[in-house]
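Each remark here refers to the structure printed beneath this line.
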Amino acid sequence: MIMYELKCKGYIELPKNYDLNLVLSVYNFGFWFDGTNCFLQLDNEGNIVALIDTSGRYVVYSKDKSLKCSDLVDKLVYVLGLNEDLSKFYALAEKDPLLGCFSRKYRGWRVRSTSLWWGLVIGICQQNASFRQGWGMLYNIVKLYGRKAVLNVREYPLIPTPQDILDNPDLLIKARTGYRRETILRVARVIEKIENRIRKEKEPERIESIIKSIKGVGAYTARLAMVLSPRKYELPPIDRWLKKIISTTYGVDEKNAEKYWIYRWKNYSGLAALAVTIALDAVPLRKALERLRNGETCPLKETQIISPINMWKHMK
DNA sequence: TGCCAGGCGGGGT
DNA sequence: ACCCCGCATGGC
């Protein structure tokens, strides 16, 4: 249990074209977001966390009381992407057959960024599994390892640290991660070194290749983690699902899908890839292709199916 | 029941 | 550069 010494309170000035409710909702769990209040972990260990509501009122908590409030708030601003100008991305999306609707109705969306460690675990859990299965694994991992933050009288689950997982690797089996377990353990062992090597790198290709040096982490996982953690969008995480969607939508051969995607989305290729999963509710490939045929490229409002936008309602 | 998924690496050509 | 297979698990 982590207790906190320092509290910094304030009110976020919300930028134009920024939808905080959307940012907090997408790809979140019910134990972190309830529709109004959101718990955010701002570091690897959970020593710095925040509560924020959809109006922008926040409290940042730190275990170390010698830290400065302004630095803590900077972390919050970064995680929420408050300084990120995506007007170019949404301009490209406007006339796109996949993301046209998304750009009109959801242009307030930003990535809610996480640690590189957790970004990689997210990617690994998506490998060769459906959206629902992958996020089920992640839910199990957070719940089973049981790291917690105590704020006021409430407890919030924290992401297990790499050490937590190395201390009790068998919980990964219980979390139903299957053969992905070995890859998660390899990441846990080297993540600190990887982070240090990446720190001095700027080029996305270099960063990707450093991350890919971990066995079991390929282009898809490395690139997804680059989108989710350091907000680097140049390289798209393209899996079988998106590859097929690209080739049917734009009429390009599957083996040219990535090249075409980058030509189309420039330095926002990674962001666009993630946005498509939101726009199509991450439905399995068959259904996604059917929806494209019917021109249904906006997220659905119905709450029956679990989707990136409403999974917080289902996974509490 | 027996497939087959938002990957990946190893082993073949 | 390709192609092909197996891999835990869950859903259909």
Side-chain angles (χ1 to χ4, degrees), chain A residues 26-27 98-99 102 111 114 118-141 143-144 165 169-190 194 208-229 233 235-249 253-259 261-262 265 269-292 297 299 304-309 311 314-315:
Chain A
V26 170
Y27 283 116
L98 284 174
L99 290 179
F102 186 84
V111 171
T114 186
W118 191 242
L120 284 169
V121 178
I122 291 172
I124 294 162
C125 290
Q126 304 301 317
Q127 292 176 3
N128 198 26
S130 69
F131 155 83
R132 193 204 293 256
Q133 186 180 2
W135 284 92
M137 294 175 209
L138 293 159
Y139 176 92
N140 295 338
I141 289 171
K143 284 285 202 175
L144 282 167
I165 289 198
D170 288 347
L171 284 182
L172 289 177
I173 299 294
K174 256 194 167 158
R176 318 306 288 162
T177 56
Y179 61 82
R180 298 165 193 79
R181 171 181 186 270
E182 293 308 319
T183 305
I184 295 172
L185 291 175
R186 276 192 288 267
V187 171
R189 282 185 216 111
V190 302
I194 296 281
E208 182 198 18
S209 104
I210 291 168
I211 299 175
K212 280 205 309 181
S213 68
I214 307 166
K215 187 177 161 187
V217 175
Y220 168 79
T221 304
R223 292 170 175 198
L224 182 58
M226 287 164 71
V227 170
L228 296 179
S229 179
Y233 307 141
L235 298 174
I238 297 183
D239 44 33
R240 295 195 290 238
W241 184 84
L242 184 56
K243 187 179 283 188
K244 183 81 183 168
I245 287 171
I246 293 169
S247 88
T248 55
T249 302
D253 197 287
E254 281 197 34
K255 70 178 196 295
N256 298 322
E258 177 180 322
K259 208 189 299 174
W261 191 254
I262 293 174
W265 293 102
S269 301
L271 195 68
L274 188 61
V276 172
T277 70
I278 303 167
L280 295 179
D281 295 307
V283 294
L285 185 56
R286 238 188 167 63
K287 269 234 129 110
L289 295 174
E290 189 186 320
R291 275 184 54 168
L292 288 174
T297 52
Q304 287 88 328
I305 66 148
I306 301 190
S307 73
I309 284 186
M311 58 179 257
H314 297 265
M315 309 178 88

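In what follows, chains are A, B, ... by sequence order, proteins preceding strands, each numbered from 1.
- Residue-level contact check: A/Ala282 touches the bases, meaning some heavy atom is under 4.0 Å from a base atom.
- Bracketed by its first and final contacts, the part of DNA chain B lying under 4.0 Å from non-hydrogen atoms of chain A reaches from B/dA5 to B/dG10 in 5' to 3' order.
- When the C1' atom is compared between B/dG6 and C/dC2, the two are found 22 Å apart, to the nearest whole Å.
- Under the 4.5 Å side-chain criterion, counting only non-hydrogen atoms from C-beta, A/Thr277 is in contact with A/Tyr27.
- Nearer the 5' end of DNA chain C, as judged by each residue's closest nucleotide, is the contact made by A/Lys255, out of A/Asn128 and A/Lys255.
- Across the protein-nucleic acid pair, A/Asn256 atom CG and C/dA1 atom C1' stand 14 Å apart, rounded to whole Å.
- Put simply, CE on A/Met137 is 12 Å from C1' on C/dC7, counting in whole angstrom units.
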Shorter than 3.5 Å, N or O on both sides, protein versus nucleotides 10-12 of chain C: list them out with atom names.
residue: C/dG10; atom: OP1; partner: A/Arg176; partner atom: NE; Å: 2.6
residue: C/dG10; atom: OP2; partner: A/Arg176; partner atom: NH2; Å: 3.0

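- Using a 4.5 Å heavy-atom threshold, the side chains of A/Ile262 and A/Glu258 count as touching.
- Among the protein residues, A/Ile238 comes within range of no part of the nucleic acid, since none of its heavy atoms lies under 4.0 Å from any strand.
- Between A/Arg180 atom CZ and C/dC7 atom P the separation is 14 Å, expressed in whole Å.
- Using modelled atom types, one side-chain atom of A/Ser130 and one backbone atom of A/Gln133 make a donor-acceptor pair closer than 3.5 Å.
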>> Apply side-chain contact (heavy atoms from CB on, under 4.5 Å) to residues A/Trp118 and A/Ile141 and explain how you reach the verdict.
In response: CA-CA 11 Å; A/Trp118 191 242; A/Ile141 289 171; 4.1 Å; yes
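- Closest of all the heavy-atom pairs between A/Ala288 and A/Trp241 is CB-NE1, 4.0 Å.
- Counting only heavy atoms from C-beta outward, the side chains of A/Leu274 and A/Tyr233 never approach each other to under 4.5 Å.
- Nucleotides C/dC5 and B/dC3 have their C1' atoms positioned 16 Å apart, rounded to a whole Å.
- Heavy atoms of A/Thr177 sit nowhere under 4.0 angstrom from any nucleic acid atom.
- Whole-Å rounding puts the A/Glu182 CD to C/dG6 C1' distance at 15 Å.
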